[in-house]
Amino acid sequence: YSRPIGRKMAAGLGVVYYGVEGIEQYDTRAMHLGDFSDNELLLLLSLARLEGPISLGINVKFIRQEFKGLENDPQYGNLGAPSASGVGFDVGLITHFWRPLRIGVMLRGKTDLRNDRVPTSASVGLAYEKRLRLGREAPRVVLAVDLEQVKTKPIRLHMGLGLERLIAFRDIEFSIRGGRNNYFLEQRIGDIVKGDFKFKLEGEDQDLLNESNARWGMGIGIKHSGLGLDYTFTRGVLHDPHYLSLTYHYR
């Protein structure tokens, strides 16, 4: 939920929750100890301000992590169920000096929990938007590229292309989107950041170019009178998740 405050500020509130039940628990000898569950809660309080072509924002986040059923585990048995809470902060900005191009930067602070930790991370992204002169309702092409660095892990690369308002009919708007991560480019970017400017393909590079390592996603969006429904399917390495979101924008 977000709401403007005056002409240059806005406040927001976000809630994210998910839970998994019936996770089987085994010891080092593969003996079944029972089942446990995991519940995660994230609360976000956001404040943003517009200063000329720059939008600045900050999140104050509360994270609650709760495991149940691990009392029989030797690692956690003396502690009880390893549940904990933590508070963290995020800072971000978006610049739009040239209307078709936007640059965004996000810094996520570390959040310490009792038995876990959300690490520090940083992201920088570019988004280019172009209106197509097709019919009365002009659709928009949006191209986005993000680089993400989580602690000292390899840099992650995210690329996406969207055709927004591709079809508009009687206040109904239809959009189609696609995205892809690329292991090979991630490795190359990481090498450049480290000062390793190699230009020939090696054995490990051939493995990175293998299509079986591809991660991609496709999605559609439908809007009608402020009500939006978005669906995304992501091809992952270990599983193929589906995402469904519902939004409502009022004035």
Side-chain angles (χ1 to χ4, degrees), residues 1-6 8-23 35-50 55-70 80-94 102 104-125 127 142 144 146 148 150-151 156 158 160 162 164 173 175 177 179 217 219-234 236 238-251:
Y1 174 80
S2 62
R3 184 177 182 85
I5 302 176
K8 292 189 175 182
M9 296 190 66
L13 177 66
V15 179
V16 180
Y17 172 83
Y18 71 85
V20 181
E21 304 288 340
I23 305 174
D35 296 342
F36 71 95
S37 62
D38 175 30
N39 295 281
E40 310 280 346
L41 174 67
L42 170 64
L43 300 178
L44 287 171
L45 179 63
S46 306
L47 188 65
R49 180 177 177 85
L50 179 65
S55 300
L56 301 171
I58 183 171
N59 286 331
V60 180
K61 56 188 178 183
F62 170 81
I63 301 175
R64 174 67 179 175
Q65 183 184 71
E66 183 174 350
F67 290 96
K68 294 181 179 179
L70 290 176
S83 303
S85 303
V87 178
F89 301 90
D90 303 328
V91 179
L93 65 88
I94 297 178
R102 294 189 179 186
V105 178
M106 171 70 81
L107 301 176
R108 303 177 184 88
K110 179 180 67 175
T111 304
D112 288 318
L113 305 174
R114 189 172 71 174
N115 298 299
D116 202 355
R117 174 179 295 172
V118 179
T120 302
S121 64
S123 300
V124 59
V142 181
D146 289 346
E148 179 185 15
V150 180
K151 205 174 179 181
R156 300 288 304 277
H158 311 280
E164 303 295 321
E173 301 176 2
S175 304
R177 309 170 184 119
I220 60 173
I222 301 175
K223 286 185 178 181
H224 175 64
S225 299
L227 184 65
L229 179 66
D230 296 277
Y231 166 77
T232 301
F233 168 78
T234 302
L238 299 178
H239 62 288
D240 303 328
H242 302 258
Y243 300 93
L244 187 68
S245 63
L246 182 67
T247 59
Y248 179 69
H249 178 256
Y250 72 96
R251 296 182 180 180

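If you're wondering where the values come from, they're calculated on a predicted model, not measured in any experiment. Start at 1 with the first residue, then count along the sequence.
Taking the side chain to side chain donor-acceptor pair (under 3.5 Å) definition, one finds that Y1 meets it with Y250, sequence neighbours left out. Applying the salt bridge (Lys or Arg N to Asp or Glu O under 4.0 Å) criterion to D146, with sequence neighbours excluded, gives no partner residue. Scored by the salt bridge (Lys or Arg N to Asp or Glu O under 4.0 Å) test, K61 finds D90 as partners (sequence neighbours excluded). With sequence neighbours excluded, the residues that form a ring pair (Phe, Tyr, Trp, His ring centres under 6.0 Å) with Y231 are H242. Every salt bridge (Lys or Arg N to Asp or Glu O under 4.0 Å) that R49 has, sequence neighbours left out, goes to E51. The salt bridge (Lys or Arg N to Asp or Glu O under 4.0 Å) test applied to R156 returns E186, not counting sequence neighbours. For S46, the side chain to side chain donor-acceptor pair (under 3.5 Å) criterion is met by N59, not counting sequence neighbours. For S2, the side-chain contact (heavy atoms from CB on, under 4.5 Å) criterion is met by no residue, not counting sequence neighbours. Applying the side chain to side chain donor-acceptor pair (under 3.5 Å) test to S123 and every residue at least two apart in sequence or in another chain returns R108. With sequence neighbours left out, V16 forms a side-chain contact (heavy atoms from CB on, under 4.5 Å) with L42. By the side-chain contact (heavy atoms from CB on, under 4.5 Å) test, A11 pairs with I5, L47, sequence neighbours left out. Scored by the side chain to side chain donor-acceptor pair (under 3.5 Å) test, R177 finds E164, D230 as partners (sequence neighbours excluded).
Of the inter-residue distances, the one linking H249 atom NE2 with L227 atom CG reads 12.5 Å to the nearest 0.5 angstrom. In this structure, the separation between OG on S55 and NZ on K8 is 11.0 Å, given to the nearest 0.5 Å. L45 contributes atom CG, which lies 10.5 Å from atom CZ of F89 (distance to the nearest 0.5 angstrom). Remark: L107 CG to T120 OG1 distance equals 9.5 Å, nearest 0.5 Å.
Nearest heavy atoms, S225 versus Y248: O-CE1, 4.2 Å. Counting all heavy atoms, side chain and backbone alike, I63 lies closest to L113 at O-CD2, 4.0 Å. Scanning both residues, V91 and I58, for their nearest heavy atoms gives CG2-CG1, 4.3 Å.
Each of V15, V60, L13 was checked for a side-chain contact (heavy atoms from CB on, under 4.5 Å) with L43, and the lone residue meeting it is V15.
Y243 places a side-chain heavy atom less than 4.5 Å from the side chain of P241. In this structure the side chain of L244 reaches within 4.5 angstrom of the side chain of L229, judged on heavy atoms.
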